[in-house]
Each structure stands twice: as C-alpha cells, then as structure tokens.
Amino acid sequence: MTQPESHPERQFLDLTEGNQGLAKLLHASLTRLRDGVAGDDLQEMARDVLAGHTDLRQVAATDAYGGMLLDRYHRFREWEQNVDPEERQHMADQAADLTADLNPRDQQ
C-alpha cells in the first residue's frame with residue numbers, strides 16, 4: 001500500500017465510489033480534523049486514519065469514535081433540515097461543481 005500522505009485520495013476511493021474529487025475532499029476534511037478543528041478526540045482519530053493505522057470503516061464501528069461520529073452526523077442532519085431549500089440546493093450545486101473541478105478530466 002502506498003503512503004496515505006503521499007497519495008491521500010487513494011485511501012478513500014472505495015468510500016467515494018472512485019470519485020477522486022470526493023476522495024480529495026474527504027482527505028482535506030480529515031486533515032482539518034487532524035489539525036484540531038473539532039477537538040482532541042477527532043484529531044487523534046484523523047491522525048490515525050491519515051497515517052494508515054486504521055480506516056474510516058473501522059473507526060465508525062468502534063465504541064470510542066462511532067458514537068462521536070454519529071452525534072456529529074445527527075447534528076449535521078438537524079442543521080440540514082433547517083436550511084432553506086433554496087440555500088440547500090445552492091450548497092449542493094457548489095459541492096457538485098467543486099468535486100467536478102477536482103476530478104481529472106478523463107474521469108468526467
């Protein structure tokens with residue numbers, strides 16, 4: 001296996017169904033978590049995932065992180081349900097544009 005830091009998107013391609021743009025965004029999000037934006041526990045988890053010591057599927061199945069990730073997911077869903085539909089569509093369009101921009105041209 002290649003070093004996750006040298007080819008970060010490869011580690012996440014199966015989670016994103018081969019979408020390199022989403023894989024890069026996933027890696028960037030984990031990098032932010034590793035940098036501490038969501039606290040010490042998620043920082044440690046992201047560090048382990050990015051270092052290749054574990055993967056996100058294993059992390060989600062653990063008692064240590066699964067509940068924490070599920071809590072964050074529920075908070076996101078609550079926020080998402082309260083967003084104006086027009087704003088939600090605008091954000092979805094922006095995300096689609098961003099991932100399209102991150103994908104190599106031959107993948108589109």
Side-chain angles (χ1 to χ4, degrees):
M1 180 174 166
T2 60
Q3 290 293 328
E5 291 290 336
S6 62
H7 297 289
E9 67 276 6
R10 292 177 196 258
Q11 185 181 15
F12 309 113
L13 283 174
D14 65 326
L15 293 172
T16 61
E17 298 179 356
N19 185 312
Q20 290 186 1
L22 285 177
K24 288 177 185 179
L25 286 175
L26 180 56
H27 180 268
S29 296
L30 283 167
T31 299
R32 290 195 51 185
L33 289 174
R34 182 192 61 198
D35 292 344
V37 299
D40 293 341
D41 291 333
L42 289 178
Q43 181 179 32
E44 178 184 2
M45 178 274 302
R47 187 180 310 122
D48 287 346
V49 170
L50 290 171
H53 301 301
T54 189
D55 65 43
L56 287 174
R57 286 189 176 107
Q58 290 172 328
V59 166
T62 66
D63 290 336
Y65 298 113
M68 191 181 324
L69 293 172
L70 189 57
D71 176 60
R72 302 287 172 133
Y73 172 74
H74 287 300
R75 286 193 217 174
F76 167 76
R77 291 292 295 166
E78 184 178 324
W79 168 83
E80 182 184 42
Q81 290 172 354
N82 292 310
V83 172
D84 178 82
E86 187 175 305
E87 179 64 17
R88 183 181 307 119
Q89 185 60 50
H90 177 70
M91 288 186 288
D93 293 343
Q94 284 181 316
D97 290 345
L98 179 59
T99 59
D101 289 345
L102 292 172
N103 274 320
R105 295 290 174 218
D106 58 347
Q107 292 265 327
Q108 293 182 1

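As the structure is a computational prediction, the values presented were derived from the model and not from experiment.
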query = Among Asn19, Thr16, Leu98, which residue meets the side-chain contact (heavy atoms from CB on, under 4.5 Å) test with Leu25?
reply =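 Running side-chain contact (heavy atoms from CB on, under 4.5 Å) over Asn19, Thr16, Leu98 with Leu25 returns exactly one hit, Leu98.
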
message = Just checking Asp40: does its CG atom have more than 12 heavy atoms from other residues, nucleotides or ligands closer to it than 6.0 angstrom?
response = no

ask   = If you look at every heavy atom in Phe12 and Val49, which pair is closest and at what distance?
value =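 The pair with the smallest heavy-atom distance is CE2-CG1, 3.9 Å.
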
Heavy atoms of other groups near Glu87 CD, more than 12 under 6.0 Å =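 Counting other residues, nucleotides and ligands, CD of Glu87 exceeds 12 neighbours.
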
remark   = All heavy atoms of Asp35 vs all of Gln43, minimum pair found to be C-NE2, 3.8 Å

ask   = To the nearest 0.5 Å, what is the distance between CG (Leu70) and CZ (Arg75)?
value =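 Interatomic distance, Leu70 CG to Arg75 CZ, rounded to 0.5 Å: 11.5 Å.
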
request  = Looking only at non-hydrogen atoms, find the nearest pair between Leu30 and Ala46 and report the distance.
outcome  =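 Looks like O-CB, 3.3 Å.
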
ask   = Going by heavy atoms in the side chains, are Met91 and Val83 under 4.5 Å from each other?
value =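 Touching, per the 4.5 Å side-chain cut-off.
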
request  = State, to 0.1 Å, how close Thr54 and Val59 come at their nearest heavy-atom pair, and which atoms those are.
outcome  =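 Taking every non-hydrogen atom into account, CG2-CG2, 3.6 Å.
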
key: Met45 and Leu33: CA distance, side-chain angles, deciding distance, side-chain contact (heavy atoms from CB on, under 4.5 Å) verdict   = CA-CA 8 Å; Met45 178 274 302; Leu33 289 174; 4.1 Å; yes

request  = Walk me through it: do His27 and Leu50 pass the test side-chain contact (heavy atoms from CB on, under 4.5 Å)?
outcome  = CA-CA 8 Å; His27 180 268; Leu50 290 171; 3.2 Å; yes

query = Is there side-chain contact between Arg57 and Asp14, with at least one heavy-atom pair below 4.5 Å?
reply = yes

query = Counting distance only, does the side-chain N/O of Asn82 pair as donor-acceptor with the main-chain N or O of Glu78 below 3.5 Å?
reply = yes

Short N-O contact, Glu80 and Arg77, less than 4.0 angstrom = yes

query = Does a salt bridge link Arg88 with Asp93, judged by any charged N lying under 4.0 Å from a carboxylate O?
reply = no

query = Are the side chain of Gln58 and the backbone N or O of Asp55 linked by a donor-acceptor pair below 3.5 Å?
reply =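 Yes, the answer is positive, given that a donor and an acceptor are paired below the 3.5 Å cut-off.
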
task = State, yes or no, whether a side-chain contact exists between Leu42 and Leu69 at a heavy-atom distance under 4.5 Å.
result =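 They are in side-chain contact.
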
